[in-house]
Q: 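Just dropping this structure here.
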Protein chains: 2
Amino acid sequence: MKTLSRKDEIILVAAHLFNEKGYKAVSMRDIAKAMDIKAASLYNHISGKQEILSEIILKVAEEFTVGMEKMVSESISAIKKVEKVIELHIDITVNHSEALAALNNDWMHLESENLKAFVQMREDYEENFRSIIKEGIDNGEIKSYHPEVILFSILSTLRTLYLWNQKRGKLDVNILKKDMVSVLIKGIK
Amino acid sequence: MKTLSRKDEIILVAAHLFNEKGYKAVSMRDIAKAMDIKAASLYNHISGKQEILSEIILKVAEEFTVGMEKMVSESISAIKKVEKVIELHIDITVNHSEALAALNNDWMHLESENLKAFVQMREDYEENFRSIIKEGIDNGEIKSYHPEVILFSILSTLRTLYLWNQKRGKLDVNILKKDMVSVLIKGIK
DNA sequence: TAACAAAACTAACGCTTGTTAGTTTAACTT
DNA sequence: AAGTTAAACTAACAAGCGTTAGTTTTGTTA
């Protein structure tokens, strides 16, 4: 068990608060109080509120990017790739559930370079996923529905997974992966 | 074309701003500026910021509740009910896309009675949907996956629909309904 | 045209916000 | 024991917040 730096502690506590009320509704004094120190003391470890937000969001965003890029170059079927995307999301969600709340709801409060970097990563990610689906449709692996409908129906589910994971008692990861892959790919009927 | 009351105009403008930056990041002065008046003038029409939020959220929440309750009492198959839930969400999304952003992201900033009312409605809604799915599994219409996985994978997609509808060029409503029902029920494989 | 109501205005309030400056305490290293 | 550094503190700032009070303008009705 690695010990956390003070900075990492702040980021962890902040992520927890952002998860509950959103970035704009959490003050530096709120974060400080949760750590039992005064707000000004936070600045010994971080440069400002914005740095906290970008550390939380960009760190997980990079995990998605790396995971996706590792996958696209593999020579496996399109359906298999979709399965791997699902599993990637589940793994990241289990480990960074609270950071995902910020990523989903507070990304627009990133500033300048941070914002640009995030938006770029998200666009690339979606484009990669879109290509996988189109490839699957072209070679007959995937039914020929509007690709955008398939893309967003799967991605919506995966992106909101963190909410459900926090609610009702954290379903077992492996059962989740198995049923999720089935439901999203083979349907419910 | 019915003319809007000044109050309704404020609510519409506010919903638009909340959609972009979230409730806490939008000030009364922001809303006023978007209407070309001063912040204090808003109070001739509404009692405060909280009333704006609750009008936006609770109005659509009631549409969902009414739609769902009309459905549960119908004597149609479980799958048919799921289809109707999907269509209900699509119809509401098309008409109130911006209000849905507030409903999804800012409901936690509702206060006291407003918050209680919302949470109750949402719980009832989910419970109704859960019952439909369980009924479908029990009588063999729906595959026997973990009901919670089915519930949240469909509901996640429907709840985030407003985001995708705002992005890429608003897919035609009827194509959307048709493909969406197919993807969510019959799968993509 | 006088009266009334609707809807805007200016000015200010008390409070919270993110952040800075300067200082003190606590904990290691020599 | 002295020196150094990490990490806390107090105090304050300028700006922004939601909201109120009181006043003026605008538009409709009698």
Side-chain angles (χ1 to χ4, degrees), chain A residues 2-58 102 105-115 118, chain B residues 2-58 102 105-115 118:
Chain A
K2 186 168 113 210
T3 69
L4 293 170
S5 72
R6 205 80 176 106
K7 174 172 172 177
D8 288 341
E9 284 185 55
I10 292 173
I11 289 170
L12 214 65
V13 166
H16 178 69
L17 294 175
F18 294 169
N19 178 50
E20 284 179 331
K21 316 203 292 168
Y23 176 71
K24 283 285 183 179
V26 174
S27 71
M28 294 299 275
R29 285 165 180 84
D30 290 335
I31 298 170
K33 180 163 274 175
M35 300 201 63
D36 257 313
I37 59 177
K38 292 289 151 68
S41 306
L42 294 170
Y43 289 80
N44 284 315
H45 310 283
I46 46 101
S47 69
K49 201 186 178 189
Q50 174 70 198
E51 191 194 356
I52 299 177
L53 184 66
S54 68
E55 288 266 332
I56 293 172
I57 293 180
L58 294 182
N105 306 316
D106 294 318
W107 62 267
M108 72 283 276
H109 300 120
L110 290 171
E111 290 165 7
S112 52
E113 297 309 312
N114 293 332
L115 179 60
F118 174 79
Chain B
K2 187 168 109 207
T3 70
L4 293 169
S5 72
R6 208 77 176 106
K7 174 171 172 177
D8 288 341
E9 284 184 55
I10 293 172
I11 289 170
L12 215 65
V13 166
H16 178 70
L17 295 175
F18 293 168
N19 178 50
E20 283 179 331
K21 317 203 293 167
Y23 177 73
K24 283 283 183 181
V26 175
S27 72
M28 294 300 276
R29 286 167 179 83
D30 290 334
I31 299 170
K33 179 162 275 175
M35 300 202 61
D36 257 313
I37 59 177
K38 292 290 150 68
S41 306
L42 295 170
Y43 290 81
N44 285 314
H45 310 283
I46 45 99
S47 69
K49 201 185 178 188
Q50 172 71 196
E51 190 195 356
I52 299 178
L53 184 67
S54 69
E55 288 265 332
I56 293 173
I57 293 180
L58 294 182
N105 305 318
D106 293 319
W107 62 267
M108 72 283 275
H109 301 119
L110 290 170
E111 290 165 6
S112 52
E113 297 308 313
N114 293 332
L115 179 60
F118 174 80

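Treat the numbers as computed from the prediction; the structure is a model and nothing was measured. First the proteins, then the strands, lettered A, B, ... as listed; each starts at 1.
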Q: What nucleotide among dC9(D), dA7(D), dC17(D) has an atom nearest to a side-chain atom of A40(A)?
A: dC9(D)
Q: As a test of reading the structure: which of dA8(D), dG18(D), dG18(C) is closest to the side chain of S41(A), going by heavy atoms?
A: dA8(D)
Q: Using 30° and 60° as the class boundaries, would you call the ring planes of H109(A) and Y23(A) parallel, tilted or perpendicular?
A: parallel
Q: Using heavy-atom distances to pick each residue's nearest nucleotide on DNA chain C, tell me which of R29(B) and N44(B) is more 5'.
A: N44(B)
Q: Considering only dC9(C), dC9(D), dT19(D), which nucleotide approaches the side chain of I37(A) most closely?
A: dC9(D)
Q: Looking only at side-chain atoms of R6(A), point me to the closest of dA7(D), dG18(D), dA8(C).
A: dA7(D)
Q: Side chains of S41(A) and N44(A) only: does a donor on one sit below 3.5 Å from an acceptor on the other?
A: no
Q: Nearest 0.5 angstrom please: L115(B) CG to Q50(B) CD, how far?
A: 9.0 Å
Q: With a 4.0 Å limit, can you tell me whether S27(A) has a side-chain N or O closer than that to the phosphate oxygens OP1/OP2 of dT16(C)?
A: no
Q: Check whether any side-chain nitrogen or oxygen of H45(B) sits under 4.0 Å from OP1 or OP2 of dA8(C), and answer yes or no.
A: yes
Q: Counting side-chain heavy atoms from C-beta on, which of dG18(D), dG18(C), dT10(C) comes nearest to K38(B)?
A: dT10(C)
Q: Check each of D106(A), I11(A), L58(A) against L53(A) using the side-chain contact (heavy atoms from CB on, under 4.5 Å) test, and report the only one that passes.
A: D106(A)
Q: Check the distance between dC15(C)'s P and M28(A)'s CE and give it to me in whole angstrom.
A: 23 Å
